[in-house]
Structures are given as structure tokens and as C-alpha cells.
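One structure is given here, and the rest of the page talks about it.
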Amino acid sequence: MTLGDAKAARARRPWTFAAVCVMVVSMALLLFGLTQVPPIRLLPGYVVTYLLIGACIFGPTGKLPLRQAGAFLLPGVLLAALALMNLGFWAGGWLLGLPAWGLLLSRWTPENPIRIGQLLEFLGLLVLGLVIFTFNAIYPFPSLGLFLLPVIPLVRLAYPEYRAKPLQAAVELVLGVATVVVVFAIPTPEGSWSSPWTLAGGGATVGLMIGYWAGRLPQRLRRLRPNHGAVI
């Protein structure tokens, strides 16, 4: 891979933080909707959420091979079918790890396959995230992750590489602030002992945790011969 290729790849990185924001606000709205309407009426909202997260991940890269699309969509389709058959709402739990799953898939190439160890780590973190999200309703300390969403884009502005992408920085800052505003605007359902912002905060903490792990995974770069340019 040449130096020019590396710079182009960095410019086309997925917007994982934006995907996490979409996931957080959608989780809050879907959980509120479960107290108001039958699950089948939430299916369009679930589909829109799934597609928006996919757009945040694969849109900036400009490519979505068929196998990545299938691996991204298939779990959601299967889990949504289980929910419609009243076999559990695992589809909602899957949304917690969907931004990180999309990030893993966006790096999947013949030269850089997803290894079994990475897949097991992802599933382990997803299970841990589900535990955190479940007990967050009782011990709401993880909910404080919600307030990190408007802060993270501001902190990232300290990095020149992030400042060089003003559109992404602006969108993610607006999304971070809007997520907090929307979540706090959702009323607490009658009889519920957990507010929407508490649940959304737990989702934010889990989404950021798994997304950070996925973003820190090293990428194995294919080396080219020296006469093809600078090699990294």
C-alpha cells in the first residue's frame, strides 16, 4: 500500500461515532414504542435505524460488497423475525453492537479477513454490553455515558486529522447534542421505573465501548514492492 493509498483510506473511514448516536436515540424511541404499540408496528422504525447505521458505516467508505451487505443485514433480519414470533427482543440488543459490527465488516477484505479471535471478542463484548444495559436500569451509573456524546467530537477536534474533515466533525457534533436533547424529550412511560434517558445512557456507554474496541483493532496492510511507491 502506497502512502497516497493510506491517506485516501484514512479519508474514507466509517463514521462510527455517528452510527453510535443513531443507535442511542433509536434505542430510546424503540423502547418507548414497545410500551405504546405492538412490536410489529415498530418494524419500520427498526429497519430505518438499521439502514441509517449502515449508511454511517459504509457510506463514507464508498463501497459495500455483497458479502459485507449480507453479513451486516442477516443478523438483523433473523433477530427481527424472532421478535415478531414473540421469541424475545434480541433484535434490540443487537443494535448495541451494530456500529462496531459494521466497522469490522468495512475492513473485511480477502487480504484482511475477520479472524475467529476477533469474532469471539466481539461476541463477548456484546454479551457484556447486554449485561451492562440490563443492570443499568437498576444501577444507572453507566447512563452517564450519554453525556459524553456532545463532548467526544469537541475533544477530537484537537487532532489535525479530524479537523481536516469538517463535514464529519460538524455532523457528529450536531448528532451528539441532538441525541441528548431528543432522549430527554421522550416521556417516561406510565408505570415504568426506568426513564428513557437512563436506558439511552446505558446504550451509549455500551456502544462507545464496543466501538472503541473495534476501532483499535490493527489493520493488516498489504505491502507492495518498493517501485510502486512509498510502502507503509
Side-chain angles (χ1 to χ4, degrees), residues 15-53 56 75-76 79-80 82-84 86-102 125-156 171-214:
W15 294 11
T16 311
F17 178 81
V20 170
C21 290
V22 171
M23 179 272 292
V24 170
V25 71
S26 299
M27 284 283 289
L29 291 170
L30 290 171
L31 288 172
F32 175 76
L34 278 176
T35 66
Q36 309 296 314
V37 298
I40 192 170
R41 294 183 60 182
L42 299 176
L43 183 59
Y46 184 80
V47 172
V48 170
T49 299
Y50 220 96
L51 295 179
L52 285 176
I53 293 175
C56 291
L79 293 173
L82 291 178
L84 295 178
N86 293 321
L87 296 177
F89 298 107
W90 302 106
W94 172 247
L95 288 180
L96 294 171
L98 187 59
W101 178 241
L125 285 172
L126 181 59
V127 171
L128 175 61
L130 288 170
V131 173
I132 293 173
F133 184 78
T134 301
F135 284 95
N136 175 68
I138 305 173
Y139 305 102
F141 299 108
S143 298
L144 297 177
L146 177 67
F147 301 102
L148 292 177
L149 297 183
V151 176
I152 290 175
L154 295 176
V155 173
R156 294 175 70 186
V171 169
E172 292 186 342
L173 178 59
V174 170
L175 279 175
V177 174
T179 298
V180 176
V181 172
V182 171
V183 165
F184 272 96
I186 301 173
T188 301
E190 185 177 352
S192 175
W193 48 282
S194 183
S195 62
W197 84 264
T198 302
L199 297 173
T205 298
V206 173
L208 291 172
M209 175 187 72
I210 307 178
Y212 178 79
W213 165 82

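Each residue takes its place number in the sequence, starting with 1.
To the nearest 0.5 Å, atom CG of residue L98 and atom CD1 of residue I53 are 4.5 Å apart. Here the straight-line distance linking atom CD of Q36 with atom CG of L29 works out to 11.5 Å at 0.5 Å rounding. Going from atom CD of E172 over to atom OG1 of T179 covers 11.0 Å, rounded to the nearest 0.5 Å. Note that CG of L173 is 10.0 Å distant from SG of C21, once rounded to the nearest 0.5 Å. Here the CG atom belonging to L175 is positioned 7.0 Å from the SG atom belonging to C56, to the nearest 0.5 angstrom.
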Applying side chain to side chain contact (heavy atoms under 4.5 Å, CB included), run through W94 and L126 and close with a yes or a no. CA-CA 8 Å; W94 172 247; L126 181 59; 3.7 Å; yes
Going through the distances and angles, do L51 and V48 end up as a side chain to side chain contact (heavy atoms under 4.5 Å, CB included)? CA-CA 5 Å; L51 295 179; V48 170; 5.9 Å; no
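For the residue pair I210 and L125, the shortest heavy atom distance occurs at CD1-O, 3.8 Å. Scanning both residues, P150 and V180, for their nearest heavy atoms gives CG-CG2, 3.7 Å. The minimum heavy-atom distance between L43 and A80, with the atom names listed, is CD1-CB, 4.3 Å. Nearest heavy atom pair, residue T49 against residue V22, reads O-CG1, 4.4 Å. Shortest non-hydrogen contact noted between M23 and L95 is CG-O, 3.1 Å. Residues G203 and F133 come closest through the heavy atom pair N-CD1, 3.6 Å.
Y50 places a side-chain N or O within donor-acceptor distance of the main-chain N or O of G76, the cut-off being under 3.5 Å. Using a distance-only test at 3.5 Å, with no hydrogens or angles considered, no donor-acceptor pair links the side chain of T35 to the main chain of P189.
Environment of CD1 in I40: sparse, with no more than 12 heavy atoms of neighbouring residues, nucleotides or ligands closer than 6.0 Å. Counting heavy atoms of neighbouring residues, nucleotides and ligands inside a 6.0 Å radius, atom CZ of F141 does not exceed 12 of them.
Counting only N and O atoms by type, the side chains of T198 and N136 include no donor and acceptor under 3.5 Å apart.
Contact annotation: the side chain of I152 never approaches that of V155 to less than 4.5 Å [non-hydrogen atoms, C-beta and beyond]. In this structure the side chain of L34 reaches within 4.5 angstrom of the side chain of P39, judged on heavy atoms. L208 has its side chain within reach of L149: a pair of non-hydrogen atoms, C-beta onward, lies under 4.5 Å apart.
Ring planes of W197 and F184: parallel class, angle under 30° (limits at 30 and 60°).
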